[in-house]
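Take a look at the structure below.
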Amino acid sequence: MIDPGTKSVADRCRGGDNAYTEPYRLYNADVFEYEMDSPMTLYGAIPFMQAHRKGSTVGVFWLNAAETWIDVVKTKNTANPLALGLKGHTDTQTHWISESGLLDVFVFLGPTPQDLTRQYGELTGYTAMPQSFAIAYHQCRWNYVTDEDVKDVDRRFDKFNIPYDVIWLDIEYTHEKKYFTWDPLTFVNPDKMQKQLAKRERKLVAIIDPHIKNTDNYPVIDELKRKDLAVKNKDGNQYEGWCWPGSSMWIDCFNPAAIDWWKGLFKYDKFKGTASNTFIWNDMNEPSVFNGPETTMPKDNLHHGNWEHRDVHNINGMTFHNATYQAITERKKGELRRPFVLTRAFYSGSQRSAAMWTGDNLAEWAHLEASIPMVLNQGISGFPFAGADVGGFFGNPSKELLTRWYQAGIYYPFFRGHAHIDTRRREPYIPGSPYTEIITQALRLRYQLLPAWYTAFHEASTTGAPIIRPNFYIHPEDENGFAVDDQLYIGSTGLLAKPVTKEGAESVSVYIADNQPYYDYFDYTTYSGAGHHTVPAPLEKIPLLMQGGHIIPRRDRPRRSSGLMKFDPFTLVVVLDKDGNASGTLYLDDGETFDYQQGAYIHRRFDFDSKREILTSANLDTSPPSSKTQKYIKSMEKVRVEKIIIVGAPKAWKGKESVVVMEEGQKESKRRKKAELEYHPAEGKKAAWAVVRSPKVGIGRGWRVDFGDKGVGHDHHGHEH
């Protein structure tokens, strides 16, 4: 919407309740310890405004990269008491001002929130499909101090059986803040460090910023100057400013020659010590300049083509992370792996090549609470691969706050723990019992649901839909739920989460918008009826509900990293709606390469039909199979469904001991087989549920499970029906 740092935008405008007195400002900047609830500027700008009411959603996209102000004014009109049947209403007017540039405005007419995100995505691009490791857990701090420190943290995660996929290095790994170098005293053997990580399918992310240290005996700055690829000052000379390394110059990624040069710096023989499991974090790319006006560069600086910085300021960060994305794609000829780049500064379109986070937050309950609407906001604004620093960047969280933050962070599409250099260590194994065990349970839940998350990412990359969704997006007709911004749905799974964001809370109030049954994810307690429901949430309990009518794919075997789960079997959770039906989808590919663009993926739809009492798996891939498709499906041939759980199972199944399973592509003698059924009757508020153990059907195949077993009929051609 407007600024990722704001609360729900509708209530925070001049003339509304709790009104702001100032307009929103879009001017990417490095804001130290930013205010919690303010229209002031932050790291990124998406000039996309949405208005939603029952029956209508519209959007305005103001395509301008200069400093922009948006004044939002609400006026309430009360109806004349003599005018029968007319209600009072609120008028909202917005006034847009940009410092320079063209008037380039797009209006999207919806009419639904889904149409709006698709239309905006068609214009600005959809989210890039990430590597599968990127949606698992990332462990970061400023800074892991030596290569031995990194290896020690890696070993401790294993010792405590805590899953993680990526460990990060902040600026201290470099030699005197010179990017593309390693400190020879502290990172003595980066190759050995990478190899240890690779053994468990883990990755390393290293920071590379746009400011290049202006010093002697540093080939990178020598080349930057010699090739004249830096941003210039108003006089046309190379601009010099101050940042982490001291005197610095900034690469000008508006210049195609600068991008070509940048790509060369990441090649393995150039950036020695990196490997195919090294990925990149672009920070400070607003750009942050310590001695510049408002901690950024002067507006009269000049970019390639003689553009003044004032005209292109808000897309500066995007040009940089786009260049890095290209660089990682081209590190080695023939090694086509999807890149991973995290950016701090962003603009509309950044979703095509990067993930983002909400910057330097504080270890306070208010910042945990605000992170949910901030990340939801990014999702409906077309940049859903978003997260916040788990635990808070500045300061030391209490053990309770750290635990609750992990329980919330498992719902950020980008899920990373991070902390400032002056904070105490707080890796999940540090707080001790019971906190470590509770945090581990939360991390395991994220890993268990990775198939559902990956399917939601695929949906974002093909339709522009948010990965986590606010209530109004799922229930656009429900006026009572429009302002709800503290709970979320995960993709199209029907999973409804309400993180605990208040100190000492023992329960949460979850808002249900429809008349479907909702079931507790862990014990199948039933909640139904529109309105607020109190859900117990002591420290060890994560409030997570499943909306009736969905089938949720997951993988239940705890592993050390997501890469080790690649060939694990699946569990399908079939959550029946009030009519006894359910459906869901699963998207799978190799999680690494671009082969999915040539059809190397599995895309299935699961349906449970209450009338026929049959669960089916059907292919959603309508394209003609390519050699890549067949190769991928063959590689996944042994991956099975190991368990089917039916929540809200009908009473009639009591006493039933087996179901009939049929799978396509099997010999006639093996086609029809039985699988064990275990029925658990309802207890109090807890729904009845049933388990089919070991149906032994392939995840990539068509199959059906017959719970009614009315017998299998044949038509006169001998085909089953």
Side-chain angles (χ1 to χ4, degrees), residues 136-139 141 156-157 159-164 361-373 375 387-412 415-419 423-449 468 485-488 490 495-512 518-527 532-546 554 556 558 684-686:
Y137 175 60
H138 300 251
Q139 179 61 50
R141 73 172 280 111
R156 281 172 192 255
F157 268 87
K159 184 183 169 187
F160 287 89
N161 290 316
I162 304 170
Y164 93 101
N361 58 0
L362 274 65
E364 291 172 3
W365 288 93
H367 278 255
L368 165 58
E369 190 176 0
S371 71
I372 305 295
V375 176
D389 284 343
V390 171
F393 178 67
F394 290 111
N396 295 301
S398 68
K399 291 180 180 186
E400 182 195 354
L401 175 56
L402 183 67
T403 305
R404 289 301 198 193
W405 213 316
Y406 271 98
Q407 291 177 338
I410 59 170
Y411 303 119
Y412 303 153
F415 176 29
R416 178 183 77 152
H418 185 38
T423 61
R424 294 193 289 274
R425 287 282 173 112
R426 57 162 101 131
E427 289 73 21
Y429 48 77
I430 284 183
S433 200
Y435 306 99
T436 291
E437 291 82 355
I438 296 169
I439 291 168
T440 303
Q441 180 206 8
L443 283 157
R444 290 229 173 116
L445 178 59
R446 170 65 167 225
Y447 276 73
Q448 180 182 53
L449 286 169
I468 61 168
D485 62 0
D486 57 358
Q487 59 183 51
L488 56 98
I490 302 172
L495 285 163
L496 172 59
K498 170 74 183 268
V500 177
T501 58
K502 294 271 188 265
E503 189 169 10
E506 290 285 318
S507 67
V508 290
S509 174
V510 177
Y511 177 74
I512 289 178
Y518 282 73
Y519 303 94
D520 182 282
Y521 181 85
F522 302 98
D523 68 10
Y524 313 143
T525 299
T526 312
Y527 299 89
H532 284 90
H533 295 261
T534 300
V535 176
L539 190 64
E540 68 282 0
K541 173 95 174 122
I542 296 171
L544 178 61
L545 303 182
M546 304 182 286
R554 63 186 208 199
D556 288 355
K685 283 187 159 184
K686 293 179 182 175

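For the numbers below, each heavy atom of this structure counts, side chains included, while hydrogens, waters and symmetry mates do not. Computed from a prediction, not measured in an experiment: that's the story for all the values here.
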Compare all side-chain heavy atoms of F160 with those of E437 and state whether any distance is below 4.5 angstrom. no
For D556 and R554, work out which heavy atoms get closest and say how close. OD1-NE, 2.8 Å
Test item: side-chain donor near acceptor, Q139 and Y137, under 3.5 Å: yes
From the list L544, L496, T534, side chain to side chain contact (heavy atoms under 4.5 Å, CB included) partner of V510 resolves to L496
Y524 and Y519: aromatic ring centres closer than 6.0 Å? no
Can you check side chain to side chain contact (heavy atoms under 4.5 Å, CB included) on E400 and L539, steps first, answer last? CA-CA 8 Å; E400 182 195 354; L539 190 64; 4.1 Å; yes
Are Y429 and K159 packed together at the side-chain level, in the sense that at least one heavy-atom pair is separated by less than 4.5 angstrom? no
With side chain to side chain contact (heavy atoms under 4.5 Å, CB included) as the criterion, how do I372 and D485 come out once you've worked through the C-alpha distance, each side chain's angles and the decisive distance to 0.1 Å? CA-CA 7 Å; I372 305 295; D485 62 0; over 6 Å; no
Looking only at atom types and distance, does a side-chain atom of D389 sit under 3.5 Å from a main-chain N or O of A419, one as donor and one as acceptor? no
Check the side chains of R404 and Q407 for a donor-acceptor pair under 3.5 angstrom, ignoring hydrogens and angles. yes
Is it true that E427 and R141 make a salt bridge, defined as a side-chain N closer than 4.0 Å to a carboxylate O? no
Less than 4.5 Å apart, side chain to side chain, heavy atoms only: is that true for Y411 and V375? no
Flag the pair I542 / I410 as yes when at least one side-chain heavy-atom distance between them is below 4.5 Å, and no otherwise. yes
Rounding to 0.5 Å, atoms CG (L495) and CG (L545) come to a distance of 9.5 Å
Applying the side chain to side chain contact (heavy atoms under 4.5 Å, CB included) criterion to D520, which one of K541, M546, K686 satisfies it? K541
Gap between atom NE2 of H533 and atom OG1 of T526 - 0.5 Å precision: 11.0 Å
Using modelled atom types and a 3.5 Å cut-off, is there a donor and acceptor pairing between side-chain atoms of Q487 and backbone atoms of Y511? yes
Test your reading of the model: is there a side-chain donor-acceptor pair from K498 to the backbone of S509, 3.5 Å cut-off? yes
Would you say H418 and V390 make side-chain contact, with heavy atoms under 4.5 Å? no
NZ-CD1 distance between K399 and I438, expressed to the nearest 0.5 angstrom: 11.5 Å
List the steps, then state whether side chain to side chain contact (heavy atoms under 4.5 Å, CB included) holds for Y527 with V535. CA-CA 9 Å; Y527 299 89; V535 176; 3.9 Å; yes
Which distance, rounded to the nearest 0.5 Å, do you find between the CZ of F394 and the CD of E364? 11.0 Å
Kindly compute the distance separating OG1 (T440) from CG (L445), expressed to the nearest 0.5 Å. 12.5 Å
Any side-chain donor near an acceptor of the partner, S371 and Y412, under 3.5 Å: yes
K685 with D523: basic N within carboxylate O range, under 4.0 Å: no
More than 12 foreign heavy atoms under 6.0 Å from CZ of R424: is that the case here? no
How long is the span from the OG1 atom in T436 to the CD atom in Q441, to the nearest 0.5 Å? 13.0 Å
Could you check if a side-chain atom of P431 sits within less than 4.5 angstrom of a side-chain atom of I439, using non-hydrogen atoms only? yes
